[in-house]
Amino acid sequence: MYLEKEAIDYFRRYEFYLPVYSIQQGDNRSRIIGHNMEFEQYNPYNPGDNIRDIDWKVFARSDKLFVKNYGSDLRSRVRIIIDNSKSMAYGDKLETAKRIAAIFQHILTNRKNQVFLSVINDYYSDYERLLVSNLEETLESIKTIGKTRITEIPPLSREAVFLISDLWEKDLDIHTLLRNRINVIHLLTPEETDLSIHGNFELLDMETQSKVNVIPKDIRDKYRKMIHNRITEYHKEFTACGLLYGVFSTDTAYYVNLKKYLEKIKTIKKRGKL
Amino acid sequence: MTFLNPVFIYLLPLAIVPLLIALALNLNRKRLEFPSTELIAEILSRDLSKRKLVMRLKQLLRVLILAILVMAFSAPVITRSPDKNRYTVIIDNTVSMKRFPLDDIIERIEAGYNIDKIYFGTRPLDKDTIQTLRYQKSAIDFTETVTSVVSREKIENLIIVTDGQKVNFPRSRNNIGGINRLKALILSDNSRNIYVKDMSKFPAVSLPGVSTSFTVNIGGDIKKSDRITVYIGDETVLSETARPRVEFSRFIDKSGLNYGKVVLEGDNFTNDNIFYFPIIAAPKPRVYFGIDNPIPLRVISSIFPEFFRTDNPRYADIIIASSLPYRITDKPVFLFCENETDFQNTLRRDFSYLIEFRSDTLTGNIKSGFEILNSIRDFTIKTRFAHRESLISQPLALVNNIPVVTLFDNYTVFNFSIRENQTYLENSAFPLLVLNEVIISHYRDRFITEKKTDETVYYDIDGNIAVPDIPGIYRERDSSKFLVVNIEQESEFDFYDQSRFARLFDNPIDFIETEKPLKDIYLAFAGMVALLALLFVEIFL
């Protein structure tokens, strides 16, 4: 079971807004300005704004022009891309990714969002729309294979895209992700973040099969520093582009991480875009 | 380079243990699948050369520390490069050298140098007789030995072998003369010795009713734990902590010969320190006085508190007379020239010695074979006769090179009359000392013999035939006299002071030992530097 009871309970009274990219209407209250009946906010009138939105009562009182903005009930299309390259087999990362996808699907579907699933390895491939009925079966069918190739992800417009990956790709260019407006859930094990393995090892790269001899304690400090720098840099770049980026450590419950991750949506200042 | 403890050299392969451990760790490397080695490879490629260098340095230092440790235990010595000159070797022949294995030393020198001749003291060394060499007991200036050999033979290149004990080297090699190359092998060890320097007793011949005082002088580096035990016969007469001078007194009632031993006990001694000594005790002597004068009587009573007088020289133990009716051969005879005719007849009869009487007055200091007589100064005496030049006798006391007392076998002949010198002799210790010394040596000769070189047969104390090589008391078969053998020990075995010897040489480079031990301090220093370097590498690199 990928959709776990604890995770469902954890998100039971949780509400969040997800930006929309589709025009279908649903329950999800979008931050995009629309024309439903719910008043959202006042904005100063700018030329080009619809004259019908001007609140004449306010004008009468203050002698200033304001436009009334209303919320939108548009439904969103959300695509979850799971990285199922071989490196994801380490520390059951793929299983965690599936669980994240499952609970995410649960939350989104409850708000009448459409959730689609894709996987990325050497190639990008789409699965059918994720429904409660086919959730377990679909996730079950995903196995690790090949290497991660982020560049294979095609441009996905009018969809909120979430990539669950460990981002282990040689010479990874995150601008591909930024360009395609892909939000990232960066899934790492403590061994990967801290190099907390002890002894004298011949490390075998799970994707490239290249070998390296190392005594981890000799390079641990440098490794930690490098990975920290890399995460900080990713965070900075994604935030600057108004995208979500979060590191999910496998030693913390995935639904806790996910909640924290989704909370960040509120901090995205750029209205209407995610 | 050679090693004093070569056994440890076999442990030298242990120095590569750190390398083996590193190798074992490498072989024992675990294979692990890891999501991505990209970052690790990047770090390694960046630091690889430095890391490898540090690792190699660490391993090298570890090996070095172990190697130094092993080397320190194996006590390396550096052998010098071969010298093609031909050398003459002069070996110190004083007793203190006895503790070193001479054959080994010679072998080592011959291995390192071209050796022309080897002298043991002043004599050429016969290698076949190395085991039976006689060492000089008396303190001889080794420099004189060297000088005499060098002046006798034309020696250009010289190696001196000595332990530096009681050796006074001159300040310059010019004093030795004609030497081009002068090398010295200074021997030393860390053994300790205390020994009986000398033992005296007073009176020298123990007398009945008189307590005999013994004085033992102990030489060497005496420690608090050292003990002295003195036995006379089987009886322990003294047992106490050793001191440089130990005194005790004892009544010796048994006349004739007895013997005792001084046993010194302590740690790290080079040999067993037992010193044997004879005790000669005189019986109450029978004395024949042929001179009607109180002085001989007084002298005898000074020497012997109790004695008998006898009228027949045949039954006397000591005879004091001016003439004798017949030849007496086995007891001390003191002949004073009181009556010229009788005196002349006695000497002519017994020794075929004719006298030319010529009265003379002598004044001067006494020269004598007896040490104690030399202390008499401004001695004045009226002599009675002139000695012939070809004397068969030996002068015992001389004044101005004119014999005053002469020994003719057991006869002690005085060249003066007591009566004529009455006034002077009454206040002089001269007759007392002469009689005392002669009587002592008489008793000594009667009981004690010197070691002879010929095939004399000796018995040990238990009556078995023995070779008197080891210290002890022996009895000569033919004469029944006793032989006292002690260890010939000379000195306090000091550590030599190199600077003292280095002064000898004009150019200190000439002062070369055949083997130069690498001092522990250098090894300790090298080990410490390696250890510090390892710590530095471990902490900072």
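Residue numbers start from 1 in every chain, and the chains themselves are labelled A, B, ... in the order their sequence lines are given, proteins ahead of strands. Excluded from the calculations below are hydrogen atoms, water molecules and symmetry mates; all remaining heavy atoms, backbone and side chain alike, are included.
- One distance of note links CD of Glu169(A) with CZ of Arg149(A); it measures 8.0 Å at 0.5 Å rounding.
- For Thr109(A), the side chain to side chain contact (heavy atoms under 4.5 Å, CB included) criterion is met by Gln105(A), Val115(A), not counting sequence neighbours.
- Heavy-atom distances place no part of Ile215(A) under 4.5 Å from chain B, backbone and side chain included.
- Below 4.5 Å, heavy atoms of chain B meet heavy atoms from Lys222(A), Tyr223(A), Met226(A), Ile227(A), Arg230(A), all part of residues 222-238 of chain A.
- With a 4.5 Å cut-off on non-hydrogen atoms, Lys93(A) touches chain B through its side chain but not through its backbone.
- You'll find the side chain of Asp126(A) reaches within 4.5 Å of the side chain of Arg79(A), heavy atoms only.
- Interface with chain B: from residues 201-214 of chain A, residues Phe201(A), Glu202(A), Leu203(A), Leu204(A), Asp205(A), Met206(A), Glu207(A), Ser210(A), Lys211(A), Val212(A), Asn213(A), Val214(A) qualify, criterion being any non-hydrogen pair under 4.5 Å.
- With a threshold of 4.5 angstrom between heavy atoms, Leu32(B) approaches chain A through its backbone and through its side chain.
- Of all residues in residues 249-258 of chain A, none places a non-hydrogen atom less than 4.5 angstrom from a non-hydrogen atom of chain B.
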Steps toward salt bridge (charged side-chain N to carboxylate O under 4.0 Å, His left out) verdict (Lys170(A), Glu38(B)): CA-CA 7 Å; Lys170(A) 194 166 168 53; Glu38(B) 178 199 342; over 6 Å; no
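- For the pair His175(A) and Leu178(A), the minimum side-chain heavy-atom distance is below 4.5 Å.
- In this model, a donor atom of one side chain and an acceptor atom of the other lie less than 3.5 Å apart for Arg29(B) and Asn200(A).
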